[in-house]
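Written below as structure tokens is the structure these notes are about.
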There are 2 protein chains.
Amino acid sequence: MKKDSRLSSVLHALLHMAEREGPVTSEELAVCMHTNPVVVRRTMGLLRDAGLVVSARGSGGGWQIMADLEQVTLRQLHETLGEPAIFAIGNRNETPQCLVEQSVNAALDDAFAEAEALLLERFSRITLAELAAEFQRRHAAYRQGQA
Amino acid sequence: MKKDSRLSSVLHALLHMAEREGPVTSEELAVCMHTNPVVVRRTMGLLRDAGLVVSARGSGGGWQIMADLEQVTLRQLHETLGEPAIFAIGNRNETPQCLVEQSVNAALDDAFAEAEALLLERFSRITLAELAAEFQRRHAAYRQGQA
DNA sequence: CCGAATCGTAATAATCGAAGTTACATGAAA
DNA sequence: TTTCATGTAACTTCGATTATTACGATTCGG
């Protein structure tokens with residue numbers, strides 16, 4: 001199964017946008033993410049529908065963050081992307097007649113539900129502002145190393 | 001991403017085998033799992049290589065459990081299947097030059113690592129014997145409901 | 001020994017969702 | 001009105017699991 005990397009993508013894009021004044025075009029974001037402007041629009045469009053960013057057409061247009069970086073969490077972004085499946089492992093049949101399979105499903109579902117709850121809890125505690133701050137630390141450390 | 005359901009499958013198969021005396025053929029397992037005998041052989045072959053089951057060819061042949069149900073954990077089975085990827089969500093690029101992307105990856109990797117650790121910990125605490133017991137409870141409750 | 005039963009395995013196709021691409025319409029600004 | 005940029009539909013490509021076909025290798029029974 002090919003992994004869904006949209007969460008990673010939008011975080012990358014949002015942080016770049018946060019580092020810049022004024023709108024950033026899909027083309028610019030696409031270059032920095034090594035992808036295609038249409039893919040950027042498709043994914044960013046979901047964030048726009050959720051009010052997290054705005055887009056402007058025409059010359060001088062592009063994407064800008066509307067939300068407060070302190071308020072936007074990874075969990076919120078995950079939800080905005082439509083809550084894609086988190087796990088690449090699952091039950092063979094979600095509604096089996098077989099009692100054996102029902103027992104197996106119940107045990108696996110429990111374990112996965114717990115892991116998912118932990119992950120979403122962590123996601124809800126990480127904000128864009130924190131990621132931006134982490135980037136600033138790395139950036140400072142990098143310049144230190146360069147000097 | 002299509003989910004890997006082999007863990008679910010082998011659990012289902014192993015519990016059916018545990019309920020029976022003597023070998024069970026790939027054909028029988030395939031029927032009960034709504035799949036193909038070749039798929040059964042392919043997956044069970046991994047368990048055989050790990051010594052958890054044995055296979056016998058020819059008339060009267062089939063699959064039999066060799067391991068102690070009390071000792072075999074879900075984690076062990078997951079490992080036997082080659083430790084397939086647990087998550088359907090991942091980083092766009094695992095080794096980015098971009099410091100922004102590195103920061104994003106670090107945060108996501110941390111969260112996923114923690115969730116994975118929890119899941120594997122739970123897997124290591126669930127044995128085949130416990131699943132078999134859970135099935136017996138469901139079976140008894142079902143017969144109760146029928147009577 | 002022969003033949004049916006059964007596993008072993010390679011090769012190939014079907015499937016499913018994310019990602020990439022092409023094409024063109026829409027709207028804003030110079 | 002030309003240019004820039006998004007909006008979006010349609011289609012292709014890609015990656016991974018699962019399904020299917022085909023055939024070879026063993027084992028048991030008569």
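Owing to the predicted nature of the structure, the values given are computational and were not obtained by experimental measurement. Just so it is clear: chains get the letters A, B, ... in the order the sequence lines come, proteins before strands, and each one is counted from 1.
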Side chains of residues 111-126 of chain B: which donor-acceptor partners sit under 3.5 Å, not counting sequence neighbours?
unit_1 : atom_1 : unit_2 : atom_2 : d
B:E114 : OE1    : A:R122 : NH1    : 2.4
B:E121 : OE2    : B:R125 : NE     : 2.4
B:E121 : OE2    : B:R125 : NH2    : 2.8
B:R122 : NH1    : A:E114 : OE1    : 2.4
B:S124 : OG     : B:E121 : O      : 2.7

Enumerate, atom names and distances included, each donor-acceptor pair closer than 3.5 Å involving a side-chain atom of residues 131-138 of chain B, sequence neighbours excluded.
unit_1 : atom_1 : unit_2 : atom_2 : d
B:E134 : OE1    : B:R137 : NE     : 3.2
B:E134 : OE1    : B:R137 : NH2    : 2.8
B:E134 : OE2    : B:R138 : NE     : 3.0
B:Q136 : NE2    : B:E19  : OE1    : 3.2
B:Q136 : NE2    : B:E19  : OE2    : 3.3

Hey, can you pull the donor-acceptor pairs under 3.5 Å for the side chains in residues 140-147 of chain B, sequence neighbours left out?
none

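The shortest distance between the side-chain N/O atoms of A:S55 and the OP1/OP2 oxygens of D:dG7 is below 4.0 Å.
Between B:T80 atom OG1 and B:D49 atom CG the span is 9.5 Å, to the nearest 0.5 Å.
Taking the side-chain hydrogen bond (donor to acceptor under 3.5 Å, both in side chains) definition, one finds that A:E79 meets it with A:R75, sequence neighbours left out. For A:H78, the ring-ring contact (aromatic ring centres under 6.0 Å, His included) test picks out no residue, with sequence neighbours left out. Judged as a side-chain hydrogen bond (donor to acceptor under 3.5 Å, both in side chains), and not counting sequence neighbours, the contacts of A:D109 are A:N91. For B:R6, the salt bridge (Lys or Arg N to Asp or Glu O under 4.0 Å) partners two or more places apart in sequence, or in a different chain, are B:D4.
What separates CE of A:M44 from P of D:dT6 is a distance of 10 Å, to the nearest Å. Taking atom CG on A:L46 and atom C1' on D:dG7, their separation rounds to 13 Å, with Å as the unit. Distance, A:L47 CG to D:dT6 C1': 15 Å, rounded to whole Å. Between the C1' atom of C:dG20 and the CG atom of A:L29 lies a distance of 17 Å, rounded to the nearest Å. Atom-to-atom, CD of A:E27 to P of D:dT3 comes out at 18 Å; the value is rounded to the nearest Å.
With A:S5 contributing its side chain and A:S8 its backbone, the two residues share no donor-acceptor pair below 3.5 Å.
Taking for each of B:A85 and B:A56 the nucleotide of DNA chain D with the nearest heavy atom, the 5'-most of the two is the partner of B:A85.
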Produce the list of close N/O pairs, under 3.5 Å, pairing protein atoms with atoms of nucleotides 21-26 of chain D; give distances to one decimal.
unit_1 : atom_1 : unit_2 : atom_2 : d
D:dT26 : O4'    : B:R57  : NE     : 3.2

Please write out the pairs of protein N or O atoms and N or O atoms of nucleotides 17-19 of chain C separated by less than 3.5 Å, giving the distance to one decimal.
unit_1 : atom_1 : unit_2 : atom_2 : d
C:dA19 : OP1    : A:S5   : N      : 2.7
C:dA19 : OP1    : A:S5   : OG     : 2.8

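Within 4.0 Å of B:G62, counting heavy atoms only, lie sugar-phosphate atoms of the nucleic acid but no base atom.
Against DNA chain C, the stretch residues 102-112 of chain A makes no heavy-atom approach under 4.0 Å.
Screening residues 25-34 of chain A for salt bridge (Lys or Arg N to Asp or Glu O under 4.0 Å) gives A:R20-A:E28 as the qualifying pairs, with residues at least two apart or on separate chains. The ring-ring contact (aromatic ring centres under 6.0 Å, His included) pairs that include a residue from residues 37-74 of chain A number zero, where partners must be two or more places apart or lie in different chains.
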